[in-house]
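Below: the structure, in structure tokens.
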Amino acid sequence: MIGFLAEARIAVVSDADLHNPNPDFMSNLYTKILTHLDWLQEDHGQLDSAALEQLEKNHQYVDSVRTMNLLGKIKKLLASVECPERFTRKDLIMLNTERTELFLSAILTFCIYRDTKMNLLRPMVEEMTLLDKQLQELEDRISQLNVEQHNESREIVDAVSIVEEIRQAVSGLNNDQRSAKAVIRTLKDRAIKVINHTIIALHEAAVS
């Protein structure tokens with residue numbers, strides 16, 4: 001027990017502390033163990049400010065509340081690990097070495113079991129955390145690509161629209177060019193006819 005408490009950085013204790021325990025030492029040790037297990041929390045959350053102020057003024061009442069809170073947590077923990085003996089308020093005030101060792105052994109056995117399981121699960125939790133981070137990064141990248149694709153699609157639509165306008169303009173110029181050529185051809189044909197008629201008229205005049 002002493003080795004585990006030190007290794008887990010819960011508390012530094014000696015054989016003498018466990019063989020001749022005193023109430024203050026054991027209450028402090030139980031508190032550190034429950035804190036390590038995340039089992040200890042203050043139950044004053046529902047008190048209003050006036051009640052809290054009264055508690056601060058009455059240190060004896062505060063100590064009593066803390067003792068009862070600690071007692072309740074220890075009893076609940078020991079019940080969950082199926083300890084054969086029932087923990088009472090007397091076990092916090094008038095300590096019995098054998099009972100104290102029994103309760104402490106039961107709690108620390110649970111601590112060792114829990115810490116072992118946590119150490120086994122830690123790599124999996126870290127891997128899941130990493131995968132979750134990578135998944136989030138991938139989702140962010142997909143969102144970014146969707147935005148970029150939307151912008152590119154809009155640019156493509158704009159480009160297609162511009163090309164269509166150019167095509168229509170070129171088509172219009174081609175039509176205008178064909179129309180101009182037709183007019184020139186007509187004028188040319190008319191000029192040729194006029195010249196031919198003039199030549200014929202001059203020839204007839206010369207002969208006569």
Side-chain angles (χ1 to χ4, degrees), residues 1-140:
M1 289 190 294
I2 295 174
F4 173 76
L5 288 171
E7 182 180 353
R9 298 181 180 180
I10 297 174
V12 177
V13 300
S14 64
D15 289 331
D17 294 327
L18 298 179
H19 291 152
N20 299 292
N22 64 73
D24 291 337
F25 173 80
M26 287 308 304
S27 293
N28 184 49
L29 181 57
Y30 282 131
T31 298
K32 289 181 177 180
I33 295 173
L34 292 176
T35 300
H36 175 75
L37 293 172
D38 295 326
W39 271 64
L40 190 62
Q41 61 183 11
E42 297 296 333
D43 294 330
H44 300 157
Q46 296 181 349
L47 297 179
D48 57 24
S49 58
L52 288 174
E53 185 177 354
Q54 282 297 116
L55 285 178
E56 292 176 357
K57 292 179 180 179
N58 192 338
H59 297 292
Q60 183 177 0
Y61 182 75
V62 171
D63 291 339
S64 177
V65 170
R66 287 176 178 170
T67 299
M68 295 306 296
N69 181 53
L70 180 61
L71 175 63
K73 299 299 181 183
I74 295 173
K75 291 174 66 175
K76 185 176 180 180
L77 175 57
L78 288 171
S80 69
V81 299
E82 299 181 354
C83 181
E85 294 291 335
R86 183 172 177 269
F87 194 87
T88 66
R89 191 170 186 271
K90 183 179 179 180
D91 292 307
L92 282 176
I93 300 173
M94 302 177 62
L95 303 180
N96 176 280
T97 301
E98 292 183 0
R99 287 177 62 84
T100 299
E101 289 183 355
L102 173 65
F103 296 134
L104 195 58
S105 176
I107 294 175
L108 291 182
T109 298
F110 174 74
C111 283
I112 295 172
Y113 171 79
R114 173 186 174 276
D115 287 0
T116 301
K117 288 295 183 181
M118 290 295 292
N119 290 333
L120 291 175
L121 292 175
R122 186 172 290 109
M124 297 176 60
V125 172
E126 292 175 352
E127 184 177 357
M128 290 298 296
T129 301
L130 178 60
L131 289 175
D132 184 66
K133 180 180 178 181
Q134 293 175 344
L135 178 61
Q136 184 61 47
E137 292 175 352
L138 181 60
E139 290 177 349
D140 293 341

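Residue numbers run from 1 in the order of the sequence given. Quick note: numbers below take in every heavy atom, side chains included, and nothing from hydrogens, waters or symmetry partners.
Remark: I93 engages R89 in a side-chain contact (heavy atoms from CB on, under 4.5 Å) (not counting sequence neighbours). Shown here are the side-chain contact (heavy atoms from CB on, under 4.5 Å) partners of D24, two or more places apart in sequence or in another chain: N22. Not a single salt bridge (charged side-chain N to carboxylate O under 4.0 Å, His left out) links D15 to another residue, sequence neighbours left out.
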Identify each donor-acceptor pair in which a side-chain atom of residues 30-37 lies under 3.5 Å from a protein atom, sequence neighbours left out, and give them as a table.
| unit_1 | atom_1 | unit_2 | atom_2 | d |
| --- | --- | --- | --- | --- |
| T31 | OG1 | S27 | O | 2.7 |
| T35 | OG1 | T31 | O | 2.7 |
| H36 | NE2 | D115 | OD1 | 3.4 |
| H36 | NE2 | D115 | OD2 | 3.0 |

CA sep, side-chain torsions, deciding dist, call: L78, K75, side-chain contact (heavy atoms from CB on, under 4.5 Å):
CA-CA 5 Å; L78 288 171; K75 291 174 66 175; 6.0 Å; no
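Legend: ring pair (Phe, Tyr, Trp, His ring centres under 6.0 Å) pairs involving residues 88-136, not counting sequence neighbours, sorted by first then second residue: F87-F103. Residues in residues 95-110 take part in these salt bridge (Lys or Arg N to Asp or Glu O under 4.0 Å) pairs, two or more places apart or across chains: E85-R99, D91-R99.
Atom-to-atom distance recorded for I107:CD1 and I112:CD1 is 12.5 Å, nearest 0.5 angstrom. In this structure, N20 CG and L95 CG are separated by 10.5 Å, a value rounded to the nearest 0.5 Å. Between I74 atom CD1 and C83 atom SG the span is 11.5 Å, to the nearest 0.5 Å. Atoms CG and OG1, from L102 and T97 in turn, are 12.5 Å apart once rounded to the nearest 0.5 Å.
Between L92 and P23 the shortest side-chain heavy-atom distance does not fall below 4.5 Å.
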